[in-house]
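Just so we're on the same page: letters track the sequence lines, and every chain starts at 1. None of the values given here were measured: they were computed from a predicted structure.
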Amino acid sequence: MGSSLNKPELIVNGKRHDGRGFDQLRPLRIEAGVVKNADGSAYLEWGDNKVLAAVYGPREAMPKHIADPSKCIVKCRYSMAPFSGIDDHGRSGPNRRSTEISKVAREAFENVILLNDYPGGMIEIFMEILQSDGGTRAAGITAASVALANAGIRMKDIVYAVSAGRIDKHIVIDVDMLEDNYSDADMPVVVAPRNNDVLLLQMDGGLSTEQFSEAMRMVLEAGKRISAEQKRALEDYYKMAKE
Amino acid sequence: MEILDTIKGTYIRSMLKEGKRQDLRALDQFRDIKLRAGVIEHAEGSAQADVGDTRVVVGIKMMPDEAMPDTPDQGNLITNAELLQLAYEDYEPGPPSPESVELARVVDRGIRAANCIDLASLVLEDKKVWSIFIDIYVLNYGGNLFDASYLAAMAALLSAKVPHYSDGAADHRRRDTSLKINGIVASTTFGKIDGRLLLDMDLNEERIADTRLTIATDGESIRAMQKGLSGAVTIGEAEQMIGESLVQHKRLKSIIERAAKE
Amino acid sequence: MRKIVFPGESLQIARRSSCTYNDGKGVCSSAVGLFDEERASLLPLEGPWQPRIDETVVGTITDCKNYVYTVNLSYYCRALIIGSRYGRQSDFEIGSAVEAKIKDIEDRTVLILSYPRALPGGILVRVKPAKVHRIIGKEDTMVRQVENLTGTRLVVGANGVIWIKGQQDGIKAAIKAISLIEENAHRQGLTEQVKVILEKEARPYTRNREQREGE
């Protein structure tokens, strides 16, 4: 949360600083099957976010002692390119933030992947944030989910992710970098659309019970549009393969 | 579809014996090159190079910094390469591999030696200079990372815009001037398999190559060279590859200039 | 009527078929695939191989200890051939290509192979396992056609590894045909299309083959 002293006007005439409505997503476009070497992949542009996700596996679990004869191991890595931010040059390599995001993303994916179908194996999921503008974990997970489907990994659902936030008394969807810096609450969520199970939930700032419920309702509504784009990307990929 | 490792070597070798390559290219022919600048708007400069199946993105960032004690009158150039795990099944996590360090250093060396960037012009005020970060991101490994990285790095530099600087801070949202670039260096990398020289090896060829030689030139002089792998080259072969490299530079330079202009 | 379905999509069928799961409320797809409503069958468009007993596989021998041969099937599970009698065959050594049948799957993670046969010479290529059924074709029609038109011999493993033997030009044509089938696997009328392309491309190889057979 930024200091309130130099807080910019985030809401003007009932619109957000970039002209969006409270429940409006930034433009979202996904392309499946973009990394040739990977078993599955996706490239996503969401507002100014640019994300490349790829999946390898199932392959032999390495190191060998982590292999589980009853189910598949899932590894997940979220990382940010040093040139991804508009301001300073970032440091590459894992840090505490990316380690945490990788962990909660992995747990969300473990819920939907049919782990028992690949005993002794390992699935690796990579999310590279090439350009960041707020909501990168949501962008990464939404892209990785398409990459998993593109790899043909058996799973119960194609999950999506989006973050909700609060600016003063308004709940908004798909918080961008500027809003994230000054908002009163930020809540990234991952949902399995088949039954609306919540698979990732993080929050910081402050929300009332009513505001939480409203945010979740808006997440599910926005999720329909995200899911539709995920499926369109996959459908397009197979159409292209057809021609 | 992929030809499997163990038996593929013999297949490639048997074709090479007749002077042929699997993908029907001539021995001194590049794969298709696609170069696009400005792919990462947040960076000061950027470019994506596709050379066959190899895909590399280079991002340039600039930050006001302390001058290095031994070069107080010039800016800093820091080049780094990441062989992303998602780019190839055998790439591993952890500290930079020898391969990624070599890639970064060879690209850095050519750009520095050719004075592509006028480092002396990067002094901001007393002891304060620009640091230029060249980050090479390998997104898909399909052989010959060196040439792809040079192409992307040069197109990124050539299209880079310098942030506005005042009161000791950079405003990255105001980028008013182009980065001054003096010359264009491009590299050509040859492999040697069973005594035959071949330009721009793909993944399959690279995995069975005996030797590799990267030559970076600015069109007139050789600016950097790096031999890799444990095989040898003769002096005659080196001369032949240098000659070819100088010829190739013309075309590579125009590809870089065209990409940076668009 | 075939339509594309996605993981999590509920399928109006009573019992589970391949690439589906039951979440308690009904059967859902677990893959991106083409769903045939009349036959109630789901054809995945992508996905790793899931080995079954009696399937034919192709791989290379990577290790041999105490007459236990380890075979690399380009798959994450170990695959073993057990037996001393193979050691006497000269083609049966580390690096050789072999075909075999899956006899048993132990602990769900180790494939035990039987009826191994060495595949001397030739090259191995790997395709997506989900496309293997099209490369084989109905009652082997596709694979036989590629063999005939290119003058090669093919052994297609369910694991996605294919052994090709023949003249260099024939191999090249066969690889081209296999890539074409792999990339267009969910199209109909593929057999005819491959035939047209190979007949145009591969005439010299078939002629070679006829000549050889005539000799």
Side-chain angles (χ1 to χ4, degrees), chain A residues 33-43 45 47-57 59-60 62-63 75-94 98-99 102 122 124-134 136 140 143-144 147 151 177-178, chain B residues 1-2 39-48 50 52-55 57-65 76 78 80-82 84-96 100 130-143 156 160 163 169-175 203:
Chain A
V34 290
V35 177
K36 188 149 190 283
N37 287 343
D39 294 306
S41 60
Y43 174 71
E45 290 188 358
D48 278 347
N49 289 311
K50 298 184 180 200
V51 178
L52 190 61
V55 169
Y56 282 85
R59 57 207 282 192
E60 196 177 351
M62 280 295 179
K75 282 192 181 177
C76 207
R77 189 187 135 114
Y78 162 101
S79 68
M80 226 174 210
F83 47 76
S84 62
I86 195 157
D87 293 315
D88 288 352
H89 177 258
R91 296 275 162 252
S92 50
S98 67
T99 303
S102 302
M122 169 175 84
E124 288 178 291
I125 303 167
F126 300 105
M127 298 171 272
E128 295 290 343
I129 312 300
L130 300 176
Q131 180 161 288
S132 60
D133 189 36
T136 56
M177 183 69 93
L178 186 72
Chain B
M1 189 176 71
E2 175 197 0
V39 292
I40 306 291
E41 298 86 355
H42 282 185
E44 269 71 70
S46 65
Q48 173 174 305
D50 290 317
D53 288 338
T54 285
R55 174 168 290 178
V57 163
V58 167
I60 311 283
K61 287 300 284 184
M62 294 179 70
M63 271 162 69
D65 218 337
N76 307 319
I78 300 113
N80 185 44
E82 290 278 340
L84 295 186
Q85 264 188 285
L86 65 71
Y88 184 48
E89 58 183 350
D90 289 346
Y91 283 169
E92 283 173 9
S100 74
W130 283 117
S131 277
I132 299 188
F133 294 88
I134 301 179
D135 283 289
I136 302 165
Y137 251 47
V138 177
L139 304 186
N140 195 68
Y141 169 53
D171 182 354
H172 293 267
R173 287 166 174 79
R174 262 179 75 192
R175 296 170 179 149
L203 183 65

Quiz item: In terms of heavy-atom pairs under 4.5 Å with chain B, which of A:Ser79, A:Pro94, A:Gly85, A:Ala54 leads?
Solution: A:Gly85
Self-check item: Point-to-point distance, once rounded to the nearest 0.5 Å, from CD1 of A:Ile86 to CG of B:Asp171
Solution: 9.0 Å
Quiz item: Where on B:Asn80 is there a heavy atom nearer than 4.5 Å to chain A: the side chain, the backbone, both, or neither?
Solution: side chain
Quiz item: If you measure from CG on A:Asp48 to CD1 on B:Ile40, what distance do you get to the nearest 0.5 Å?
Solution: 10.5 Å
Exercise. Over all heavy atoms of both residues, which pair between B:Asn140 and A:Val35 is shortest? Give the atoms and the distance, please.
Key: OD1-CG1, 3.4 Å
Exercise. Heavy-atom distances under 4.5 Å only: say whether B:Glu41 touches chain A with side chain, backbone, both or neither.
Key: both
Practice problem: Verify, without hydrogens or angle tests, whether A:Lys36 (side chain) and B:Arg55 (backbone) share a donor-acceptor contact under 3.5 angstrom. | Solution: no
Quiz item: Checking A:Ser41 against chain B: side chain, backbone, both or neither under 4.5 Å from a heavy atom?
Solution: neither
Self-check item: Residues in side chain to side chain donor-acceptor pair (under 3.5 Å) contact with B:His172, at least two apart in sequence or another chain
Solution: B:Glu44
Quiz prompt | Separation of B:Ile136 CD1 from A:Phe83 CZ (nearest 0.5 Å) | solution = 10.5 Å
Quiz item: Backbone N or O of B:Tyr141 within a donor-acceptor pair of the A:Asn37 side chain at under 3.5 Å?
Solution: yes
Practice problem: Would you mind telling me which of A:Ala38, A:Gly57, A:Ala53, A:Ser84 has the largest number of heavy-atom pairs within less than 4.5 Å of chain B? | Solution: A:Ser84
Self-check item: B:Leu84 vs A:Phe126 side-chain heavy atoms within contact, under 4.5 Å
Solution: no
Quiz item: Is a side-chain donor-acceptor pair under 3.5 Å present for B:Asp135 with A:His89?
Solution: yes
Quiz item: Would a 4.5 Å heavy-atom cut-off, applied to side chains only, mark A:Asp87 and B:Arg173 as touching?
Solution: yes
Exercise. For the residue pair B:His42 and A:Asp133, establish whether any side-chain heavy-atom pair is separated by less than 4.5 Å.
Key: yes
Quiz item: With a 4.5 angstrom heavy-atom cut-off, which part of B:Tyr137 approaches chain A: side chain, backbone, both or neither?
Solution: side chain
Quiz item: Does A:Arg77 use its side chain to pair, donor to acceptor, with the backbone of B:Gln85 at less than 3.5 Å?
Solution: no
Practice problem: Let me know if B:Ala87 has heavy atoms under 4.5 Å from chain A in its side chain, its backbone, both or neither. | Solution: backbone
